[in-house]
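Every chain is numbered from 1 and lettered A, B, ... according to where its sequence line falls, protein lines coming before strand lines.
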2 protein chains.
Amino acid sequence: MTDERRGDVASVDSVLVALADPTRRQLLDLLAAQGEATATTLAERLPVTRQAVVKHLAVLDAAGLVSGSRVGREVRYAVRPAALDTTARWMAALADDWDRRLANIKRIAEAAERDSP
Amino acid sequence: MTDERRGDVASVDSVLVALADPTRRQLLDLLAAQGEATATTLAERLPVTRQAVVKHLAVLDAAGLVSGSRVGREVRYAVRPAALDTTARWMAALADDWDRRLANIKRIAEAAERDSP
DNA sequence: TGGATGTGCAACCGTAGGATTGCACATCGG
DNA sequence: CCGATGTGCAATCCTACGGTTGCACATCCA
């Protein structure tokens with residue numbers, strides 16, 4: 001009864017790694033707020049270079065959290081809820097799992113105490 | 001209508017950072033499976049030193065994901081669902097936020113298309 | 001056509017973090 | 001009491017990663 005979730009462990013990993021960086025989270029905030037934006041535009045609103053932003057966007061893209069589409073000479077990035085949602089569900093399931101295990105341990109402990117007072 | 005969640009951004013950050021490492025996740029798996037374990041015991045089941053495990057446990061402890069209690073000469077660690085649950089909810093709320101924004105953008109785009117065919 | 005403007009690529013730098021080793025200190029059990 | 005077992009602390013090593021700089025290439029527009 002341990003593993004009903006095995007929905008792409010690799011993707012969960014990449015999402016967690018992507019979200020672990022504060023600049024990347026800020027980037028996601030900006031994208032969610034603006035709908036679409038280019039690396040150059042985003043860099044103007046952050047204390048880092050465009051190149052740094054480009055690298056971060058690459059990581060976020062690899063994690064499926066954003067996706068970019070070319071429009072003329074610029075690349076517009078937008079947020080992608082699916083991967084985030086998957087990871088959120090993964091975490092929630094994990095939290096539930098822990099809760100159940102702890103409850104079970106508590107039950108066993110009480111039973112043992114009942115037997116040897 | 002943007003910020004009903006502001007439940008300790010710092011703690012969410014530390015949880016994400018903690019979960020971003022695969023060894024740390026494995027450690028959490030082992031702890032959840034065993035209920036309680038010491039750094040020495042955990043190290044036997046992982047391809048790393050006890051010291052490495054100790055450091056990882058320190059990170060997990062700082063994130064509130066585990067907690068250790070001294071019993072004689074050993075320190076037993078156990079899993080803590082609360083912090084994980086908080087972060088799971090944070091992520092779910094964020095995913096919902098993105099979904100709403102994207103739906104809104106789509107709505108606006110369709111309205112604009114309706115006006116200029 | 002030519003100068004803005006925006007991307008892409010590559011080299012480089014500094015530091016944080018994952019991991020190891022070695023040893024000192026506490027605690028248990030015979 | 002003494003050896004075995006378990007923790008704690010500190011120094012060290014190495015790589016990955018966030019960040020920068022510099023330049024070449026593509027695209028727009030006047």
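The phosphate of dG19(D) (OP1 or OP2) has a side-chain N or O of Thr23(A) nearer than 4.0 angstrom. The shortest distance between the side-chain N/O atoms of Thr40(A) and the OP1/OP2 oxygens of dT5(C) is not below 4.0 Å. Distances shorter than 4.0 Å separate none of the side-chain N or O atoms of Thr49(A) from OP1 or OP2 on dG19(D). At the phosphate of dC17(D), neither OP1 nor OP2 sits under 4.0 Å from any side-chain N or O atom of His56(A).
Look at CD on Glu44(B): it is 15 Å from C1' on dT7(D), rounded to the nearest Å. Nucleotide dG8(D) holds its C1' atom 10 Å from the OH atom of Tyr77(B), rounded to whole Å. For the pair Arg76(B) CZ and dT27(C) C1', the interatomic distance rounds to 13 Å; values are reported in whole Å. The CZ atom of Arg25(A) sits 14 Å away from the C1' atom of dG18(D) (whole-angstrom rounding). The distance from atom CG of Leu42(B) to atom P of dT7(D) is 10 Å, rounded to the nearest whole Å. If you take CG of Asp21(A) and C1' of dT15(C), they are 14 Å apart, rounded to a whole angstrom.
With the nearest nucleotide of DNA chain D identified for both Val17(A) and Arg70(A), Val17(A) has the one nearer the 5' end.
Side-chain atoms of Lys55(A) and base atoms of dG19(D) include a donor and an acceptor less than 3.5 Å apart.
Nearest nucleotide to the Glu74(A) side chain, out of dG18(D), dG6(C), dA19(C): dG6(C). Out of dA19(C), dG8(C), dT27(C), the shortest distance to the side chain of Arg73(B) is found at dT27(C). Checked against dT20(C), dA4(C), dG8(C), the side chain of Arg50(A) finds its nearest nucleotide in dG8(C). Considering only side-chain atoms of Val75(B), the nucleotide from dA19(C), dT20(D), dT7(D) that sits closest is dT7(D). The side chain of Gln51(B) sits closest to dG8(D) out of dG19(D), dG8(D), dG18(C).
In summary, Arg25(A) and Asp29(A) do not engage in a salt bridge, as defined by a charged side-chain N under 4.0 Å from a carboxylate O.
If you check every strand for non-hydrogen atoms under 4.0 Å, Arg24(B) touches sugar and phosphate atoms only.
The line from CG of Leu19(A) to OG1 of Thr87(B) is 10.5 Å long, rounded to the nearest 0.5 Å.
Residues Leu42(A) and Val53(A) come closest through the heavy atom pair CB-CG1, 4.1 Å. Smallest separation of non-hydrogen atoms from Ala92(A) and Ala88(B): N-CB, 3.8 Å.
Two residues are said to be in side-chain contact when any heavy atoms from C-beta on lie closer than 4.5 Å; Arg101(B) and Asn104(B) fail this criterion.
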